[in-house]
Amino acid sequence: MSSALSVDLRERVVAAIEAGTSRREAARRFEVSPASAVRWHEAFAQEGRVEAKPRAATSARTPSRRRPT
């Protein structure tokens, strides 16, 4: 999985959409996927956030699923 894109980029995409640009056009302009532009705008509209959600850390205590040799 790739790393999260910058908050600055997310803010610019959301601002363009809020200014009247379509989601697909904003995605094209900022060279991100249309799905990302849609998700970012929906998160902004519903929750007021543009930051990425925190990612769950893997636990060091989780046992390995590998079989013993």
Identify the heavy atoms of H41 and E18 that sit nearest to each other, and give their distance. NE2-OE2, 2.7 Å

Do W40 and F30 belong together in a cluster built from hydrophobic side chains that touch within less than 4.5 Å? yes

Atom CZ in R29, atom CD1 in I17: separation rounded to 0.5 Å? 9.5 Å

Which distance, rounded to the nearest 0.5 Å, do you find between the CZ of R24 and the OG of S33? 10.0 Å

Return the minimal non-hydrogen interatomic distance between R23 and A37, and the atom names on each side. O-CB, 3.7 Å

So, R39 and E42, do they make that salt bridge, N to O below 4.0 Å? no

Any carboxylate oxygen within less than 4.0 angstrom of a Lys/Arg side-chain nitrogen, looking at E47 and R49? yes

Please report the shortest heavy-atom distance between A26 and T21, naming the atom on each side. N-CG2, 3.6 Å

When every non-hydrogen atom of V50 is compared with those of F44, the smallest separation belongs to CG1-CD1, 3.9 Å

hydrophobic_cluster_shared for V32 and V38, side chain cutoff 4.5 Å: no

